[in-house]
Protein chains: 2
Amino acid sequence: MVEHTTSMAASDPVSCCSPLDVEVLSEHDAVDIARVFAALSDPIRLRLLSLVASTGEVCSCDLEAPLERSQPTISHHTRILSEAGLITGEKRGRWMWWSVNTERLEQAARLLSA
Amino acid sequence: MVEHTTSMAASDPVSCCSPLDVEVLSEHDAVDIARVFAALSDPIRLRLLSLVASTGEVCSCDLEAPLERSQPTISHHTRILSEAGLITGEKRGRWMWWSVNTERLEQAARLLSA
DNA sequence: GGATTACATCGACGGATATCAATCTACCTA
DNA sequence: TAGGTAGATTGATATCCGTCGATGTAATCC
């Protein structure tokens, strides 16, 4: 995953604990990436994302019933997913339509593979 | 992402809010998957994972300094990553050696793409 | 055996988060 | 213009989570 710099194999059981000064993933980047995974770390949000992905476009009012959560709670979760860049909202009339930001998902996926 | 079942496009701005009874991602599966992403949702754990990934194998004592966290905190994070299946620990002598479970990472990555 | 070391566990504390009722805001319709 | 509706925001609450000091446990070294 993520970036490599150098690699010093320290497998000798006698000489341990030579401090790694290799800063592999920066603190700043880590905070950024963590925000995306935090958005994916809630079961309700995963099911919400799944619903949006499967139908292509869903309005908020269609989420309350299947997810069995109140309107403010749904609004809370769409906001978090939206701020993480995972879904995009478009207001049409009274309704808010949500769709999945596929590129952002792929981007997150790439962070986890090699 | 994840599984699809059927898909009913409801993009007509006049007729909204027909409740979707399509259960796309089950509640049980969502809880399972959320646990993995929750393990990835902390900056310290991401940097820890990155350190382990870059060196192949790291002992716990080599993590405290670069991550600037106490020994109990490091132990806490390795435990969470381990329980999520993302790293594997092996005790050799006094030292606990950690390595990345690549398959598990790839598995998580696949959940996010298509 | 006794001292030391690496790591786990416990207990406590502060901050984040999921949830909902109530309220506010914007938009549509009659 | 008045009433209704979709969704955001606010405030309150209960729970979860990251953190560390203190302590426990197992392995090593002298």
Side-chain angles (χ1 to χ4, degrees), chain A residues 10-20 27 30-31 34-49 52 57-65 67-84 87-98, chain B residues 10-20 27 30-31 34-49 52 57-65 67-84 87-98:
Chain A
S11 303
D12 186 358
V14 250
S15 75
C16 178
C17 298
S18 49
L20 304 175
E27 198 164 342
V31 171
R35 212 188 317 275
V36 177
F37 288 125
L40 293 167
S41 71
D42 182 89
I44 297 291
R45 284 198 288 273
L46 284 177
R47 292 169 65 209
L48 196 163
L49 197 58
V52 177
E57 213 176 23
V58 177
C59 101
S60 293
C61 59
D62 275 335
L63 295 171
E64 300 177 31
L67 297 178
E68 295 175 291
R69 288 298 183 283
S70 70
Q71 180 268 318
T73 299
I74 297 297
S75 180
H76 168 71
H77 287 307
T78 51
R79 176 194 176 100
I80 288 179
L81 285 170
S82 169
E83 285 179 350
I87 61 176
T88 307
E90 184 192 344
K91 189 159 192 176
R92 290 208 288 274
R94 272 191 284 227
W95 297 289
M96 195 69 176
W97 292 92
W98 298 101
Chain B
S11 303
D12 186 357
V14 252
S15 74
C16 178
C17 299
S18 47
L20 305 176
E27 198 164 344
V31 171
R35 210 188 318 273
V36 178
F37 288 125
L40 294 167
S41 71
D42 182 88
I44 297 292
R45 283 197 290 272
L46 285 178
R47 292 170 65 208
L48 196 163
L49 197 58
V52 177
E57 213 174 23
V58 177
C59 101
S60 293
C61 58
D62 275 334
L63 295 170
E64 300 177 30
L67 297 178
E68 295 174 289
R69 288 297 184 280
S70 70
Q71 180 269 317
T73 298
I74 296 297
S75 181
H76 167 72
H77 288 306
T78 51
R79 177 193 175 100
I80 288 180
L81 285 170
S82 169
E83 284 179 351
I87 62 175
T88 307
E90 184 191 344
K91 189 159 192 176
R92 291 208 290 273
R94 272 192 284 228
W95 298 289
M96 195 68 177
W97 292 92
W98 299 101

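Side chains are part of it too, since the values below use all heavy atoms of this structure and drop only hydrogens, waters and symmetry mates.
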Exercise. Report yes if the side chains of A:Trp95 and A:Ser60 come closer than 4.5 Å at any heavy-atom pair, otherwise no.
Key: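 SC-SC contact between A:Trp95 and A:Ser60 ruled out.
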
**Asked** Is the closest side-chain heavy-atom distance between B:Leu46 and B:Asp42 below 4.5 Å?
**Response**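 A side-chain contact is absent here, since even the closest heavy-atom pair is not under 4.5 Å.
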
Gap between atoms [atom1] and [atom2], on [X] and [N] respectively (whole Å):
{"X": "B:Glu83", "N": "C:dT9", "atom1": "CD", "atom2": "P", "answer": "9 Å"}
{"X": "B:Arg92", "N": "C:dT5", "atom1": "CZ", "atom2": "C1'", "answer": "18 Å"}
{"X": "A:Leu46", "N": "C:dA18", "atom1": "CG", "atom2": "P", "answer": "12 Å"}
{"X": "A:Arg35", "N": "C:dT17", "atom1": "CZ", "atom2": "C1'", "answer": "15 Å"}
{"X": "B:Met96", "N": "C:dT9", "atom1": "CE", "atom2": "C1'", "answer": "14 Å"}
{"X": "A:Glu64", "N": "C:dC20", "atom1": "CD", "atom2": "C1'", "answer": "12 Å"}
{"X": "B:Glu90", "N": "D:dA27", "atom1": "CD", "atom2": "P", "answer": "14 Å"}
{"X": "A:Asp42", "N": "C:dT17", "atom1": "CG", "atom2": "C1'", "answer": "9 Å"}

I'd like to know if B:Gln71 reaches the base of C:dA6 with its side chain such that a donor and an acceptor end up less than 3.5 angstrom apart.
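It does not, because no donor-acceptor pair links the side chain of B:Gln71 to the base of C:dA6 below 3.5 Å.
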
For A:Arg45 and A:Gly93, find the nucleotide of DNA chain C closest to each by heavy atoms; which residue's nucleotide sits nearer the 5' end?
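The 5'-side residue here is A:Arg45.
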
Taking for each residue the nucleotide of DNA chain C bearing the nearest heavy atom, is the 5' side occupied by A:Ile44 or by B:Thr78?
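Residue closer to the 5' terminus by nearest nucleotide: B:Thr78.
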
Is any side-chain nitrogen or oxygen of [X] closer than 4.0 Å to OP1 or OP2 of [N]?
{"X": "B:Thr73", "N": "D:dT19", "value": "no"}
{"X": "A:Arg69", "N": "C:dT19", "value": "yes"}
{"X": "B:Arg94", "N": "C:dT4", "value": "no"}
{"X": "B:Arg79", "N": "C:dT9", "value": "yes"}

| query | What does B:Ile74 touch in the nucleic acid at a heavy-atom separation under 4.0 angstrom: a base, only the sugar-phosphate, or nothing? | reply |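 It contacts nothing in the nucleic acid.
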
Taking any heavy-atom pair under 4.0 Å as a contact, classify A:Ser70: base, sugar-phosphate, or nothing.
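Base, at least one base heavy atom under 4.0 Å.
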
Discussion item. Can you tell me which nucleotide in D:dA8, D:dG7, C:dC7 comes closest to the side chain of A:Trp95?
Written reply: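 Nearest listed nucleotide: D:dG7.
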
Need to verify one output field. Residue with the more 5' nearest nucleotide on DNA chain D, B:Pro72 or B:His76?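 Looking at DNA chain D, the more 5' nearest nucleotide goes with B:His76.
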
### Query
Hey, are A:Arg92 and A:Glu57 close enough for a salt bridge, meaning a charged N less than 4.0 Å from a carboxylate O?
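Yes, charged N to carboxylate O under 4.0 Å.
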
Q. How would you list, by chain and number, every residue that makes a salt bridge (Lys or Arg N to Asp or Glu O under 4.0 Å) with A:Glu64, sequence neighbours excluded?
A.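 None.
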
request  = Taking side chain to side chain donor-acceptor pair (under 3.5 Å) as the test, write out the residues that go with A:Gln71, two or more places apart.
outcome  =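 Not a single residue meets the side chain to side chain donor-acceptor pair (under 3.5 Å) criterion with A:Gln71.
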
